[in-house]
Amino acid sequence: MELAELKELADKEKAEQKPIRIRCCTAAGCLSSNSQAVQQALTDAVTTAGLADRVEVLPVGCMRLCCEGPLVQVDPDGAMYGKVDPGQAASIVGTLQGGQTEARVIDTNMPFFRDQVSIVLENSGRINPERIEDYLSVGGYQALLHVLREMTPNQVVETMTRSGLRGRGGAGYPTGVKWGLIAKQPATQKFVICNADEGDPGAFMDRSVLESDPHRVLEGMAIAAYAIGASQGFVYVRGEYPLAIHRLEIALRQARKMGVLGTQIFESPFNFRIDIRIGAGAFVCGEETALIGSIEGKRGTPRPRPPYPTESGLWQAPTLINNVETLANVAPIITRGAEWYASIGTAKSKGTKVFALAGKVRNTGLVEVPMGITLRKIVEEMGGGSPGGSIKAVQTGGPSGGCIPASALDTPVDYESLTALGSIMGSGGMIVMDDATKMVDVAKFFMEFCMDESCGKCVPCRAGTVQMYRLLARIVEGEATAADVAQLEALCDLVRNTSLCGLGQSAPNPVLSTLRYFREEYNALLQPAPPAPPPSNQRIPLPVARG
Amino acid sequence: MNSITLTIDGKLISAPGDQTILEAARENDIHIPTLCNLEGISAVGACRVCLVEVSGSNRLAPSCLTKVAEGMQVQTATDRLREYRKMIVELLFAERNHICSVCVANGNCELQDLAVTVGMDHVRYEYQYPSCSVDVTHKEFGVDHNRCILCTRCVRVCDEVEGAHTWDVSGRGMQSRVITDLNQPWGTATSCTSCGKCVQACPTGALFRQGSTVAEMKKDRELLDFLMTAREKKQWIG
Amino acid sequence: MTDAHPSGDKRFKLLDASMKRYQFQPDALIEVLHKAQDLFGHLDHDLLLYIARNLKLPPSRVYGVATFYHLFSFTPKGEHTCLLCLGTACYVKGAAKLQATLEKQWDLKLGDTRSDGKMSLLGARCVGACGLAPVAVLDGKVSGNLNPEALLQLVKGWDGDGTR
Amino acid sequence: MDRVKMATVWLGGCSGCHMSFLDMDEWLVDLAQRIDLVYSPLVDVKEYPEDVDVCLVEGAVANDENLHLVRRIRARTRLVISFGDCAVTGNVTAMRNPLGVALEVLKTSYLDKSNLHPAIPSEPEILPVLLDQVRPVHAVIPVDYYLQGCPPPADRIRAVLEPLVNGVWPELPLAERRFG
């Protein structure tokens with residue numbers, strides 16, 4: 001197949017689309033609010049109204065404003081309805097014939113939608129994720145074809161490097177550089193792994209992408225595979241995401257059937273096969289060496305790096321591990337060019353970032369924003385602020401991240417700024433906390449998480465998190481003194497510096513960041529300490545003159 | 001392998017390029033404490049006791065796994081490292097029920113020795129007092145989980161040297177336990193060849209020979225190195 | 001070749017087919033465990049041993065892997081399951097209250113199945129429906145924006161006639 | 001020269017550390033020249049006095065009486081020494097802790113494992129009440145010095161006391177820091 005034919009397919013698909021399309025969100029969030037019944041009711045209403053020849057009802061992926069689900073949007077005029085009840089279907093369809101609807105109208109011009117810049121989510125909520133034809137109709141797999149026909153692997157790596165894309169899993173390693181390291185390895189067997197083990201509680205960007213636009217991730221993997229010389233890929237996806245797994249399976253089947261994955265892709269010598277591996281509930285498996293162990297069918301315990309997976313990963317072969325969002329950026333960068341991508345964002349953090357906005361914030365859901373936007377803009381303008389009170393802190397980076405105080409909300413979102421604040425970019429979970437949230441409780445919550453999720457291999461993480469948790473519990477119970485806080489801080493230092501993997505090394509972050517910004521909340525819980533006696537060894541010589 | 005030069009604690013050392021920092025240090029009489037490491041089996045870098053500082057890196061490096069490099073400057077016993085080691089040993093003592101006075105390995109225990117080496121005079125952390133079982137169903141040996149530090153030497157020696165893979169680790173985090181076969185009584189674990197290497201490899205009194213009472217469980221930890229060397233060099237053939 | 005399971009239970013045939021699909025590769029262990037749990041509901045010793053034999057893995061390795069991951073369970077689950085999301089967003093929005101409500105109502109601790117086998121109360125790290133926090137998954141169906149009263153309403157009837 | 005006001009106490013322990021203390025044999029005579037033993041199981045004083053210079057605390061904190069005494073000791077003593085493994089780590093005394101809280105321990109000992117007249121002893125005001133968990137001394141009060149060993153060998157005790165009574169801070173060599 002050549003580009004012209006692929007484009008022809010896309011055009012044909014577009015031509016077959018009906019002029020009016022009613023899109024109904026069927027990502028996991030809206031599905032749980034009964035969107036499937038809404039979709040059915042809409043379809044029935046279209047038939048009943050005799051509009052079936054020019055109106056179609058389309059199941060699509062995430063439309064972002066999760067708190068208003070089930071969401072329905074009507075093309076081409078773009079009217080959006082929220083919290084749609086199946087009983088409102090007829091009146092929504094009726095609007096197409098000049099009727100009125102009692103359905104809740106969502107303002108698509110509010111900052112939540114208006115200030116988004118869509119790259120990763122450009123197809124989310126627009127196409128049917130279960131039809132490869134829908135993906136083709138929006139230019140899908142054209143980037144892969146272009147790469148196979150027109151670019152050398154080196155050129156692909158070089159394009160990724162110039163784009164400035166950095167890993168969206170949290171650490172922010174430059175994607176092109178990583179690809180280049182693996183491309184240089186002489187090994188014949190290499191692997192691409194898509195890390196879809198979205199383990200941070202409060203993060204659901206990757207789930208949404210997989211549920212809404214799975215082919216984009218597969219295309220990104222295939223381009224990566226071509227660039228580094230791999231012929232086998234794995235998607236390691238959380239077992240807690242059944243719908244994402246289901247849609248990935250469908251996408252893989254369709255991609256194989258269409259010949260965009262498999263052997264001699266687009267009649268080129270390039271072969272690439274993708275298999276799904278389903279995680280079984282272990283946060284630590286987001287760590288790349290643990291993830292590799294898990295794919296190999298082992299306990300997901302990390303091993304020390306070096307050697308890095310880029311040299312010795314899955315079955316000791318050089319292995320590229322990129323997260324879902326990183327891979328979802330690949331095809332657009334190829335299509336629109338590295339310079340276009342690099343023009344978005346800040347000097348060191350390019351492009352956009354998808355955040356999952358949740359917690360004590362009015363508008364919960366997904367926002368894709370250019371790097372460099374301020375936290376305030378995200379949580380106050382787009383998120384609509386906190387419904388119950390004022391915002392106290394924003395938590396980013398999950399259990400590895402930190403709590404950013406309201407006073408720092410004007411910080412631009414980029415890797416370095418968030419790290420400087422004692423948090424991390426993380427994978428994109430952004431949880432808003434208001435005045436009712438007790439920050440020491442939050443630190444304890446995360447420490448319990450890390451303690452339970454520690455794999456148990458290295459001593460500081462296994463035993464240190466337990467002690468930190470105990471100390472935090474004592475503080476929360478009001479039994480602790482300043483000495484306990486000092487010991488907590490010493491343990492933070494130990495666990496951060498001596499743990500084997502990222503889980504342990506970052507486990508102290510929620511404690512350290514809450515201590516840094518909310519120490520008075522700790523102090524308020526402490527027992528008054530008795531006045532410190534002089535050091536023991538200064539209490540001799542013993543026989544003091546006693547009269 | 002080319003010889004390279006590096007400094008460890010300021011001492012100029014020449015070492016084969018495939019050596020680890022730990023090996024190079026030992027050959028030059030520089031003592032780096034270890035716990036999960038055992039000659040003759042693979043290194044896992046789990047106990048974090050052998051961490052050292054390497055100039056130019058802000059990460060501490062496990063000396064058991066980090067290869068020497070030309071011009072490398074290694075510090076093995078800075079104040080910071082000493083404090084970390086002491087804390088780690090204290091964490092281990094607080095984690096299970098290590099009661100030296102009534103332990104079969106009293107006087108022959110690497111954990112007890114390490115506590116002395118790092119200068120642990122008491123444990124600053126809250127003792128966990130987990131409820132741990134003692135399994136004496138095996139006809140010759142026993143396992144006392146109260147004393148286990150999860151170094152996985154038994155797991156590795158059983159897999160890598162004996163080839164039986166009777167041992168593994170179950171659960172995770174603080175719930176981790178070493179197990180035999182399907183977490184069944186050791187005496188019923190059919191894969192066990194009763195070779196006893198795990199008992200010799202165990203640094204503490206967690207694995208012991210039955211009939212040993214307090215302080216009687218002497219261990220021959222060189223045995224494994226001897227076996228492995230003999231095997232590699234085919235010393236027993238011809 | 002599979003050593004057919006002596007019980008003749010048809011589910012083993014399905015498990016065999018799954019293992020065959022992975023060519024009995026030891027690295028397929030986690031996939032096979034998923035399949036086994038789908039078929040049997042939980043993983044008992046006999047099943048684990050059967051998998052170990054067929055994948056040519058040491059039993060301790062199989063047990064070690066199975067117990068490492070949260071999603072595998074070793075005891076039968078109740079007729080109904082309530083999976084509470086314990087993620088950060090749900091935490092901030094009061095998941096602890098939901099937990100306390102059900103623990104009290106059912107006289108159960110999180111992670112346990114009631115002795116009459118009626119229901120299991122489980123916790124998840126995050127089900128990824130944070131926009132709807134707090135969330136519970138009731139018999140596989142996600143319910144969001146919950147409060148204790150709404151949750152109790154949803155699980156009404158799980159107790160049978162409501163008396164115990 | 002002033003004499004050192006010294007005390008020794010015996011909390012939850014076996015008195016082995018005190019036996020080892022007596023094993024210092026003839027040096028005890030020298031020690032006696034330098035100290036007044038103001039409170040000890042070895043002397044008949046009922047009330048822990050004020051203004052004690054140094055106290056050797058044997059045993060872990062196991063019951064309410066131990067807890068009361070050890071707090072009083074801290075308030076009235078300049079240097080508190082955890083004397084032996086039970087005081088330093090909980091040791092054998094703390095072996096009951098994995099069984100659970102006090103009631104569980106009593107049930108196990110006096111009901112489950114008893115073949116004759118199973119009953120939990122209860123004599124309020126006479127029998128001290130068990131704490132739910134046995135704790136090392138430093139978990140309850142600040143401790144100034146730790147003397148390891150079960151029991152600490154006589155020479156080790158002397159190596160600590162001899163400098164102390166001469167007004168020198170004792171520095172035990174690492175090898176003398178061994179538990180067990």
Side-chain angles (χ1 to χ4, degrees), chain B residues 36 41-42 44 46 130-133 135 137-138 141 143 145 148 150-199 201-202 206-207, chain C residues 3 5-7 12 15 19 24-30 32-37 39-76 86-87 109-113 122-126:
Chain B
C36 65
I41 56 175
S42 62
V44 288
S131 178
C132 295
S133 61
D135 174 2
T137 56
H138 191 281
F141 313 120
V143 52
H145 292 282
C148 176
L150 295 169
C151 67
T152 69
R153 284 186 189 181
C154 54
V155 177
R156 284 174 282 154
V157 77
C158 186
D159 178 61
E160 297 169 19
V161 185
E162 177 61 10
H165 203 115
T166 300
W167 292 102
D168 209 309
V169 180
S170 76
R172 69 180 189 213
M174 60 178 160
Q175 310 299 339
S176 303
R177 294 285 184 278
V178 290
I179 51 160
T180 49
D181 284 6
L182 286 177
N183 191 25
Q184 64 205 65
W186 192 356
T188 69
T190 50
S191 68
C192 177
T193 61
S194 302
C195 73
K197 291 189 195 71
C198 53
V199 177
C202 176
L207 299 182
Chain C
D3 299 322
H5 192 273
S7 69
F12 282 102
L15 185 61
M19 289 192 282
F24 301 96
Q25 291 286 327
D27 53 63
L29 175 57
I30 294 172
V32 172
L33 289 172
H34 273 302
K35 184 71 187 175
Q37 180 152 304
L39 290 167
F40 292 85
H42 71 284
L43 307 169
D44 65 17
H45 275 207
D46 177 58
L47 187 54
L48 290 172
L49 199 59
Y50 183 74
I51 292 168
R53 291 224 173 98
N54 281 292
L55 298 184
K56 308 273 186 290
L57 282 167
S60 60
R61 162 91 182 274
V62 172
Y63 192 86
V65 169
T67 53
F68 186 85
Y69 297 95
H70 279 314
L71 294 188
F72 297 127
S73 81
F74 305 91
T75 47
L86 307 174
K109 283 270 162 249
L110 194 73
D112 288 349
T113 299
L122 308 170
R125 280 288 162 223
C126 181

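Per chain, numbering begins at 1; letters A, B, ... match sequence-line order.
Interface remark: Thr166(B) contributes backbone atoms only to the contact with chain C (heavy atom separation under 4.5 Å). When heavy atoms are compared at a cutoff of 4.5 Å, Leu49(C) approaches chain B by way of both its backbone and its side chain.
Considering all non-hydrogen atoms of both residues, Asp181(B) and Tyr63(C) come closest at O-CB, 4.1 Å. Scanning both residues, Ser60(C) and Trp167(B), for their nearest heavy atoms gives OG-O, 3.4 Å.
Taking Ile179(B), Thr180(B), Asp168(B) one by one and counting their heavy-atom pairs under 4.5 Å with chain C, the maximum is reached by Asp168(B). Comparing Leu182(B), Asp159(B), Val169(B) by heavy-atom pairs within less than 4.5 Å of chain C, the highest count is held by Leu182(B).
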